[in-house]
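We name chains A, B, ... by the order of the sequence lines, and we start the count at 1 in each one. Only heavy atoms go into these numbers, but all of them, side chains included; no hydrogens, no water, no symmetry mates.
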Amino acid sequence: MSEKIAPVRVRFAPSPTGHLHLGSARTALYNFLFARQQGGQFILRIEDTDRKRFVPGAEEEFYQWLTWLGIDWDEGPDKGGPFGPYRQSERKQIYLDHASELIERGHAYYCFCSPERLEQVRQAQQKRKETPLYDGRCRDLPLEEAKARVAAGERHVVRFRTPHEGTTTATDLLRGDITVENRLLDDIILVKSDGLAVYHLAASVDDHLMQVSHVIRGSEWLPTFPIHAMIHRAFGWQEPIYVHLSVFLKPSGKGKMSKRESADLIKEGHSIFIKDLESLGYVPEAIINWIALMGWSYDDHTEFFTKEDLIEKFSLERLNPSPAAINFTKFDYFNGLHIRNLDFEDLANRIRPFFSKAGYIVDDDEKLVKIACILRERLQGLDDAPLMAGFFFQEEINYEPGKLLIEGLSAAETAAQARKISALLGGLKDMRHDSAEPPMRVLVEESGLKAGQVFGMMRIAITGQRVSPPLFESMEIIGKDVVVRRMEKAVELLESMSD
RNA sequence: GCCCCCAUCGUCUAGCGGCCCAGGACGCGGCCCUCUCAAGGCCGAAACAGGGGUUCGAGUCCCCUUGGGGGCACCA
């Protein structure tokens, strides 16, 4: 009675030819979220059948940054699993066997045409404004003859025998049925002359063998996915459910990001490469939230999502098929949002390396947590921390003495104020912000000046900055001795100015 | 050139025939709060690409145009 529901098995299948970027990270994320939500498995498969484009180390980099993003997998080259190996270069024979099966079934054939001849054919067709397709010279070679030539060691490839008439319809979950005319489909190469399978064969075979239930991947596969469906059908296999994601466009929305533009981005503190994002001050929580929302939505008002929220709320049905322009401004906003969602100890640990990198010695954990407390709501990126709070770690602060001057007051008058403040602060039993602020307010009141004027001068004297975290909280962290010493220094500076 | 896909504020999007003189978010402008900067709160400007249909009724369905994207390799 009850239909057996196949378990959800999805995969992220990058080729080790470059860095993990926003687009591929999102594909990985969606697959991961869906698997976790459905209680299924998430497979990591390395598609390294192109030896020419192989980049050493790229695979390990994928592991590193996927893990940093909080995306983990159940099966993969590094983890193993019941359907391995998970690196396509190690599955060569599997593809060869399947290609042979297709040949025996009449769905594929050996082709002995040289790349040079193919190029000539293609050029001739283009000159005639025809769709460039294989001209079928080897398509109807008697199988026995072809086999004999292969046995004799003749260089060859294996091609798929695409029907010339009719149409093929395959279904994309987001777009519905997509029908293509078979006469416009090429007899694609399944196995290259180096004996390695091409993507279309390898991915189809692996998706079936690894029992992948949903193929969630980029839309660059949309034009060829009917061929993938045909390959499954040729074997007599059931096709997985296909979900083709939209592409990311550059911020202007006009076209996708070029290599040059990607490189230029980093100058503005942005990047499409995940590897750059950590040192740029982004937290993985924000990255995940942001990219999840480029092409998926939950309802008409919820936008803040943790990983757990996403696992719970994600759904394939709410995926959006239209291309999305990358909006880094919103990314910055999400970064701030997620930084504010961190607890103080966590934040302290995350800003520590940024202080270190700026040359500050961070040896007091308690102090760092206090700094995290007052920094949290004003950080847009973790990298802002040393810029905003470096003065906490400096023995001596330097600033332009003139900045101490209270507007409308002379140097002597400002010095008098500073002296009073210094004396008041020096007489305090401690520098707790709630015990230092009230008497300071009284002093400001008596001076007839505005709080902003007096505190502005103190801010320069104590932090060396015009803009800083809240003054009294900062003073508490700095400590009475240093605060008083810095005030006294300010008095000296002001007095020397009034000479 | 051919094929496929997409089309709501500048951007990300909600909207699956009447709830929409179109809602949210980022950004932008203003105000409030305020020791600076933020954060937060409130208010505001800002969109259904165009044209035909279908229907009592269209942002929502169909067609065309336009625009954008992707693909057309012994790359993935």
In whole Å, measure the gap between the [atom1] atoms of [N] and [M] for me.
N	M	atom1	value
B:G40	B:A45	P	22 Å
B:U60	B:U55	C1'	13 Å
B:C43	B:C6	C1'	36 Å
B:G51	B:U66	C1'	10 Å
B:G10	B:C4	P	31 Å
B:C5	B:C62	P	13 Å

Whole angstrom value for the distance that separates [atom2] of [N] from [atom1] of [X]:
X	N	atom1	atom2	result
A:Leu337	B:A39	CG	C1'	11 Å
A:Asp299	B:C12	CG	P	19 Å
A:Leu379	B:A38	CG	P	13 Å

OP1 or OP2 of [N] versus the side-chain N and O atoms of [X]: is any pair under 4.0 Å?
X	N	value
A:Ser219	B:G70	no
A:Lys330	B:G24	no
A:Ser246	B:C5	no
A:Asn320	B:A14	yes

B:C74 base to A:Ser193 side chain: any donor-acceptor pair below 3.5 Å?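 For A:Ser193, whose side chain was compared with the base of B:C74, there is a donor-acceptor pair (under 3.5 Å).
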Could you please name the partner base of B:C26, counting Watson-Crick and G-U wobble pairs only when both distances are under 3.5 Å?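 B:G10 is the nucleotide pairing with B:C26.
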Show the numbers, then the answer: is there a side-chain contact (heavy atoms from CB on, under 4.5 Å) between A:Arg159 and A:Val157? CA-CA 6 Å; A:Arg159 282 182 185 274; A:Val157 299; 4.3 Å; yes
In terms of ring plane angle, is the pair A:Phe112 and A:His156 parallel, tilted or perpendicular, where the classes change at 30° and 60°? tilted
